[in-house]
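In each ligand, atom 1 is the first atom listed, and ligand 1 is the first ligand listed.
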Amino acid sequence: MSKTLVTALAKFRLVGIFALSFLVILGIFLSGISFPIEDKRYTDPNEIQQVVFAKIHKAASSTIQNVLLRFAVSRGLDVLLPKQKNHINEFESKIDPDALIWHPKGKLFDILSNHLIFDEDEISAYLPRSAFRFGILREPLSQTLSALRFYASLYLDPKSKLSTAMQMYFNDPVRGFLDHPEEFCDEDWSTDHCFIDNRMSMDLGFNSSDMYASKRNKTKVDEFVRQISRQFDLMLLFEYFDESMILLRRYMHWQIRDIIYLKVNASPYRSPYVWNRNPTLTHNQTKIFREWAAVDIALYNHFLSEFFEKIKKEDFFEEEVLAYKEILSTVSNFCANPGILGPYRLQIPCSRWTEEFHISLTDCAVMKFSEDELVDLVRTQQLNRLQKNLWYQLTNS
Ligand SMILES: *[C@@H]1O[C@H](CO)[C@@H](O)[C@H](O)[C@H]1NC(C)=O
Ligand SMILES: *[C@@H]1O[C@H](CO)[C@@H](O)[C@H](O)[C@H]1NC(C)=O
Ligand SMILES: *[C@@H]1O[C@H](CO)[C@@H](O)[C@H](O)[C@H]1NC(C)=O
């Protein structure tokens, strides 16, 4: 072949691939097809399909939500969603039925993965009590500093204590916070909705109405940890994310292809230099932070040891985690660089841990979706599907 012909063919292929990916993405929006990972030849008969996920702030929970929503769409499951945006509630645990997506009367939902304040009784009105309940926790200092960075640059109410403190300690907000956390956040919750005061526990339903006294009350904190331990089947850990996903897969009887992810919402804000990401705490700062984050720390420590006890009971766990990491890295390379002349579909071969499956460019696109984009898409698809079913029942009865 002549050189020009090769170049022309390459160009043609390039245009073709762009056009194809465009059509595929357009197709997701236009048709009711289910988008996620194809080749669903094998599913475990014991696969768990009813799931409640407590979406904790700043703990990689958007990544897990992405996995759960793709799972839901691939199985045609009903997701509990707000009518708009993506929070079911944020500052109190009541679920407002009028704020929820349309759903057939008397039917429960299958999956919950949107932000809310966890309240077993509220949730049980919408999802079965038998649904698998899990959450994710992050080491409290790193979770708190991540939240501080995020909320100080995004949702800063100029009248808030956080804003005043940020001005006072603009040279080194991390040190300012570690020395004087009470200046960054109203511990009585009267004026601020503060995301840096035991927010993980608050997301899980810790009563924050008297936070200052409550977090110093050991009886109350211990009671709370026991309650969460009773209510949840599994608590994952940010620091051991891939181990967490494998543990989750095994508890749910899911396949490796069901837990493929690309990192989403991982702090897109390259923080300015004033944010010290790994501060070394002085003796005093350690003491202050332990008191400040007492509920989150008690919670984390409890579930950290429980996590390792659970892993100890698993056979060939490390081997599976290693294989999973390798697959993730292949997928991540493929999605980052679909390759102008490369394949538009990645084949993951059959191994001891998985059947063969494929990742398409569409899968890549959906895994890269922001939380809002994916929630919007799932909401639209779900309404279409349920309304079609309703129409079918009406016209066939
Ligand atoms: C939280 O505690 C306050 C005061 O201790 C109490 O009045 C309130 O009812 C509690 N809220 C919930 C949801 O239990
Ligand atoms: C601590 O919490 C427990 C359980 O909620 C409560 O009974 C007790 O009165 C509290 N103690 C103080 C000093 O507030
Ligand atoms: C540590 O805290 C104590 C009491 O709160 C204070 O007197 C002392 O100066 C602090 N030390 C340092 C090095 O900041």
Side-chain angles (χ1 to χ4, degrees), residues 51-59 61 80-83 85-100 108-109 112-131 133-137 140 143-144 147 151 155 157 160-162 181-182 184-233 235 287-306:
V51 189
V52 168
F53 171 53
K55 189 169 183 303
I56 308 290
H57 283 88
K58 311 314 292 170
S61 57
L80 179 64
L81 293 169
K83 260 187 201 137
K85 304 261 173 70
N86 64 28
H87 283 62
I88 290 171
N89 60 44
E90 195 165 15
F91 302 115
E92 54 144 38
S93 62
K94 287 270 167 297
I95 298 179
D96 173 7
D98 292 333
L100 298 178
L108 293 176
F109 289 87
L112 167 63
S113 68
N114 281 56
H115 266 307
L116 50 60
I117 308 273
F118 189 85
D119 180 323
E120 187 56 52
D121 292 333
E122 287 288 320
I123 290 170
S124 296
Y126 299 96
L127 287 116
R129 289 250 179 207
S130 59
R133 280 158 167 71
F134 80 103
I136 183 164
L137 298 174
Q143 193 274 345
T144 307
Y151 291 102
Y155 302 116
D157 175 355
S160 66
K161 278 187 104 163
L162 179 57
E182 74 289 348
F184 283 70
C185 173
D186 189 339
E187 281 179 282
D188 293 331
W189 299 94
S190 51
T191 54
D192 281 346
H193 289 302
C194 151
F195 285 83
I196 50 175
D197 186 359
N198 293 282
R199 180 70 205 199
M200 294 194 289
S201 301
M202 204 189 137
D203 282 336
L204 288 169
F206 188 75
N207 187 339
S208 62
S209 66
D210 192 9
M211 192 54 122
Y212 183 86
S214 297
K215 70 182 173 189
R216 288 165 175 80
N217 180 338
K218 193 167 178 322
T219 315
K220 195 165 191 168
V221 172
D222 288 347
E223 259 171 26
F224 175 69
V225 173
R226 272 199 302 277
Q227 172 197 321
I228 296 303
S229 178
R230 267 197 315 274
Q231 288 174 337
F232 281 80
D233 299 298
M235 201 55 86
K287 194 165 151 270
I288 291 169
F289 186 73
R290 277 201 191 133
E291 223 166 72
W292 175 264
V295 198
D296 278 5
I297 291 173
L299 196 66
Y300 186 78
N301 288 344
H302 173 86
F303 285 105
L304 182 66
S305 46
E306 197 189 272

Could you give me the CA-CA distance, side-chain angles and deciding distance for Glu223 and Thr219, then say whether side chain to side chain donor-acceptor pair (under 3.5 Å) is met?
-> CA-CA 6 Å; Glu223 259 171 26; Thr219 315; over 6 Å; no
Taking atom NZ of Lys85 as the centre, does the number of heavy atoms from other residues, nucleotides or ligands within less than 6.0 Å exceed 12?
-> no
Just checking, Arg216 and Tyr212: is the charged tip under 6.0 Å from the six-membered ring centre and within 45° of the axis?
-> yes
Is there any N or O on Asn217 that sits under 3.5 Å from an N or O of ligand 2?
-> yes
For ligand 1, protein residues within the heavy-atom limit of under 4.0 Å are Asn207, Ser209
Parallel, tilted or perpendicular: which fits the ring planes of His87 and His115, with parallel below 30° and perpendicular above 60°?
-> parallel
For residues Met235 and Ser229, determine if any side-chain heavy atom of one lies less than 4.5 Å from a side-chain heavy atom of the other.
-> no
Take the angle between the ring planes of Phe206 and Phe224 and call it parallel below 30°, perpendicular above 60°, tilted in between.
-> perpendicular
Just which atoms of ligand 2 are under 4.0 Å from any heavy atom in Glu223?
-> 4 (C), 5 (O)
Mind checking what makes salt bridge (charged side-chain N to carboxylate O under 4.0 Å, His left out) contact with Lys94, not counting sequence neighbours?
-> Glu122
